[in-house]
Amino acid sequence: MTFRDIILIPDKRLKTVVEPLANIDKDTRILVDDMFETMYEAEGYGLAGPQIGVMGRIIVVDCAKEDKGEKPDPIAMINPDIVFSSEEISVYEEGCLSIPEYFEEVERPANIRVKYLNVDGKTIEREADGLLATCIQHEIDHLNGKLFIDYISRLKRDRIIKKFQKLARQNAG
Ligand code: GNR
Ligand code: NI
């Protein structure tokens, strides 16, 4: 397994709508392993392909709370599609590995039903609620070029983008 570097804002790849994976093969399984390693190493609840420069519809999540004694629950989803979203809304303080150390509350549907392919190419449909529902929606947003800061006020968003633009310039120069 290999750690893959995580892309930060502002990077065009994080604003790109990416295409479904056409086939699932040995390379896909290696990619999924690398995504889990990268997610666990970075201590994130999820990771989407574009965050490591893989421009395809693939995400991994694990929302188990280790500190509460929950067992790891890694889930890889290929070509995920939300087929139901509840009217009921929940609010979580979200963060993103592509926007380190920035957190804001975001409202999203509390319950979802998601259809996807697993690494064996099998179609799965499952429901999710709580933090898992929020994480899956956050990750699928990445596949559509959307970030959690797109849901906050323009003032806050512009401020955080400016901060990361400045950091990128400093690192480049
Ligand atoms: O680590 C992460 N934490 C998180 C918290 C609340 C809602 C969503 C997330 S996902 C995020 C990891 C990440 O950036 N995934 O794309
Ligand atoms: Ni993210």
Side-chain angles (χ1 to χ4, degrees), residues 1-21 31-68 70-82 85-86 88-114 116 126-153 156-157 159-161 163-165 167-168:
M1 291 209 274
T2 315
F3 178 86
R4 308 244 197 141
D5 285 333
I6 297 172
I7 292 165
L8 307 185
I9 61 160
D11 187 302
K12 279 226 173 72
R13 287 170 288 183
L14 296 172
K15 300 263 72 187
T16 307
V17 181
V18 297
E19 294 294 320
L21 264 63
L31 170 62
V32 165
D33 279 353
D34 288 358
M35 287 177 75
F36 278 123
E37 167 149 341
T38 304
M39 178 186 77
Y40 288 126
E41 172 86 20
E43 295 190 42
Y45 287 133
L47 189 74
Q51 290 183 282
I52 54 165
V54 171
M55 305 309 278
R57 302 188 78 82
I58 183 164
I59 66 174
V60 295
V61 292
D62 187 341
C63 290
K65 298 191 186 74
E66 253 185 287
D67 52 334
K68 290 191 177 161
E70 293 176 10
K71 285 202 195 79
D73 185 19
I75 308 167
M77 299 183 176
I78 295 158
N79 304 340
D81 185 21
I82 293 171
S85 304
S86 65
E88 192 194 329
I89 299 294
S90 67
V91 181
Y92 276 95
E93 182 164 85
E94 298 196 17
C96 183
L97 296 172
S98 296
I99 316 169
E101 289 165 46
Y102 185 71
F103 305 91
E104 278 289 343
E105 286 191 337
V106 176
E107 291 183 359
R108 297 183 189 269
N111 302 283
I112 60 165
R113 209 171 164 78
V114 61
Y116 61 94
R126 66 171 288 170
E127 285 177 12
D129 61 13
L131 180 60
L132 181 61
T134 289
C135 279
I136 293 169
Q137 292 173 82
H138 174 119
E139 301 315 331
I140 293 176
D141 271 355
H142 276 297
L143 307 181
N144 295 322
K146 203 164 169 94
L147 300 169
F148 84 92
I149 54 171
D150 294 327
Y151 297 102
I152 67 179
S153 78
K156 285 181 179 169
R157 181 169 60 252
R159 204 191 289 147
I160 192 75
I161 292 169
K163 184 186 149 183
F164 278 89
Q165 277 169 342
L167 283 169

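As the structure lists them, so they are numbered: ligands from 1, and atoms in each ligand from 1. These numbers were taken from a predicted model, which means no experiment stands behind them.
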Checklist entry - Does some side-chain heavy atom of Y151 sit less than 4.5 Å from a side-chain heavy atom of K146? => result yes
Next on the checklist: Only heavy atoms of E139, strictly under 4.0 Å: list the atoms of ligand 1 that pass.
Outcome noted: 10 (S), 13 (C), 15 (N), 16 (O)
Checklist entry - Does any N/O atom on G46 come nearer than 3.5 Å to any N/O atom on ligand 1? => result yes
Checklist entry - Does an N or O from E94, backbone or side chain, lie closer than 3.5 Å to an N or O of ligand 1? => result no
Item to check | Where ligand 1 meets H142 - atom numbers and elements under 4.0 angstrom, heavy-atom basis | outcome: 16 (O)
Next on the checklist: Donor-acceptor pair, distance only, cut-off 3.5 Å: does the side chain of R126 make one with the backbone of V114?
Outcome noted: no
Checklist entry - Are any of the N/O atoms in T134 less than 3.5 Å from those in ligand 1? => result no
Item to check | ligand 1 atoms in contact with G44 (distance to a heavy atom under 4.0 Å) | outcome: 1 (O)
Next on the checklist: So, regarding E43 and ligand 1 (criterion: nitrogen or oxygen to nitrogen or oxygen, under 3.5 Å), is there a contact or not?
Outcome noted: no
Checklist entry - Under 3.5 Å, N or O to N or O, is L97 touching ligand 1 that way? => result yes
Checklist entry - Salt bridge between E127 and R113, side-chain N to carboxylate O under 4.0 Å? => result yes
Item to check | Intermediate values then yes/no, side-chain hydrogen bond (donor to acceptor under 3.5 Å, both in side chains), N79 and Y116 | outcome: CA-CA 6 Å; N79 304 340; Y116 61 94; over 6 Å; no
Item to check | Shortest reach to atom 8 (C) of ligand 1 by a heavy atom, considering only R108, M39, H138 | outcome: H138
Checklist outcome for this item: If you scan protein heavy atoms around atom 11 (C) of ligand 1, the nearest is G95 O, 3.4 Å
Next on the checklist: Cation-pi check for Y102 against K163: NZ or CZ below 6.0 Å from the six-membered ring centre and within 45 degrees of the axis, yes or no?
Outcome noted: no
Next on the checklist: How close do S90 and A110 get, counting heavy atoms only, and between which atoms?
Outcome noted: OG-CA, 3.7 Å
Next on the checklist: If you define the side chain from C-beta out and look only at heavy atoms, does anything of E37 sit under 4.5 Å from T2?
Outcome noted: no
Next on the checklist: Show the atoms of ligand 1 that are less than 4.0 angstrom away from any heavy atom in Y45.
Outcome noted: 1 (O), 2 (C), 3 (N), 4 (C), 5 (C)
Next on the checklist: Using the Ni ion (ligand 2) as the vertex, how large is the angle between SG of C96 and NE2 of H142, rounded to 10 degrees?
Outcome noted: 100°
Next on the checklist: Counting only heavy atoms from other residues, nucleotides and ligands, does the tally under 6.0 Å from CD of E19 exceed 12?
Outcome noted: no
Checklist entry - Which atoms from ligand 1 have a heavy atom of E93 less than 4.0 Å away? => result 6 (C)
Checklist entry - Is the shortest side-chain N to carboxylate O distance from D67 to K65 below 4.0 Å? => result no
